[in-house]
Amino acid sequence: MTAETGVELESAIQVPVDLGERSYDVWVGPGVRHCLPEVIPREASRVAVVTQAAVADAGITVDPGIEHRVFITDNGEHIKTLGAVEDLCREFAQWGLTRRDAVVAVGGGAVTDLGGFAAAVYHRGIRVVFVSTTLLGQIDASVGGKTGVNLPEGKNLVGAYWQPTAVLCDTEALDTLPPEEMRSGLGEMAKYHFIADADLDSLNLPERIARCVEIKAEVVAADERESGRRAVLNYGHTLAHALEAHGQYDLRHGEAVAVGLVYAAELAHRAGRIDAHRVAEHRQVVGGYELSTSLPEGADADALVSLFNRDKKAVDGVTFMLDGPEGIQPVTGLESSLLRETLEAIR
Ligand code: GLY
């Protein structure tokens, strides 16, 4: 417990991520960032806090309880560059951060990806703790160990698997999020309704976040380095990535995933894998989060179909993760005409 805030780690929801010697806990709850001193690795005598201007401006600050410096990056995904990693590592070195010390990344997915990757390569790897402050970050980027930055040639093309030593998902921070950022998280949350028979409807927000983290943790524990099972986490993402790559629609990642879920369900139905009731369930879940179930206005079906072929997960032609009698599985060999016709069906 911290004397000033009265927040106790024990009152947060604890979700273990079981990865042998790289195991860690994710803690979910209001104000849980105030428990940061309890999860700082004992050997660390200094902490580099990496955060984003918007997070600090929203009053989301942390005190690791030991000597620390705060490194504030710009806002947005564009901070994820190799140049930013070099800048951070040089500042760490000039300050004298050692391999026994730690990085704490405070913010959404862009900050935890950047801060996590800087931690992964500085001194060939120092410990990192994530304080996740966005819904999307809490249920996705903060868990699983993939860290990295973008190249002009593509997103996340340079990175490392580097598991954090603890993750604090502060649900109080969600109150400071702009509505479109919250919507983006809800789109990713909708995805979890269809993985692992998750009964999320009866849960309050912190419980729901913890359940999503638990589902992701189970998937990551089964496939840390993405050689199979992890692909289920890409459910709804093939159309989402195409919409994002086309770059002509005003959609956040999770909003694109939400439409992608409905598309995947319609596609699975046309491929004979699920019935109309299951498609309706997808529409109901996505609509229940007040997210669009339709393609954005003016969407170019031909352009989207050709972008499906360029999806980075496409190893054997276009691969869709589709629901079916045995759950969500990769499906290849779908005809372009079917892909296009199904796009028309969700206009
Ligand atoms: N850091 C996100 C993941 O590993 O999936």
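As the structure is a prediction and not an experimental result, all values here were calculated from the model. As a basis for the values below, the full set of heavy atoms in this structure was taken, side chains included, without hydrogen atoms, waters or symmetry mates. Order of listing sets the numbers, starting from 1, for every ligand and every atom in it.
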- prompt: Which is it for Glu91 and Arg69 under the salt bridge (charged side-chain N to carboxylate O under 4.0 Å, His left out) test, yes or no, and what are the steps along the way?
  reply: CA-CA 10 Å; Glu91 290 180 85; Arg69 278 194 190 178; over 6 Å; no
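Looking only at side-chain heavy atoms (C-beta outward), Phe71 and Trp95 come within less than 4.5 Å of each other.
Residues with a heavy atom under 4.0 Å from ligand 1: Asp140, Ala141, Val143, Gly144, Gly145, Lys146, Lys216, Arg230.
The existence of a salt bridge linking Glu341 and Arg270 is confirmed by a sub-4.0 Å separation between a basic side-chain nitrogen and an acidic carboxylate oxygen.
Under a hydrophobic-cluster definition in which Ile, Leu, Val, Met, Phe, Trp and Tyr are linked whenever side-chain heavy atoms come within less than 4.5 Å, directly or via other members, Leu135 and Tyr235 are assigned to the same cluster.
Within the structure, every pair that satisfies the side-chain hydrogen bond (donor to acceptor under 3.5 Å, both in side chains) test and touches residues 39-50, not counting sequence neighbours, is listed here: Glu43-Arg127, Ser45-Asp101, Arg46-Glu67.
Side-chain contact, Gln163 with Tyr24: a donor N or O sits under 3.5 Å from an acceptor N or O.
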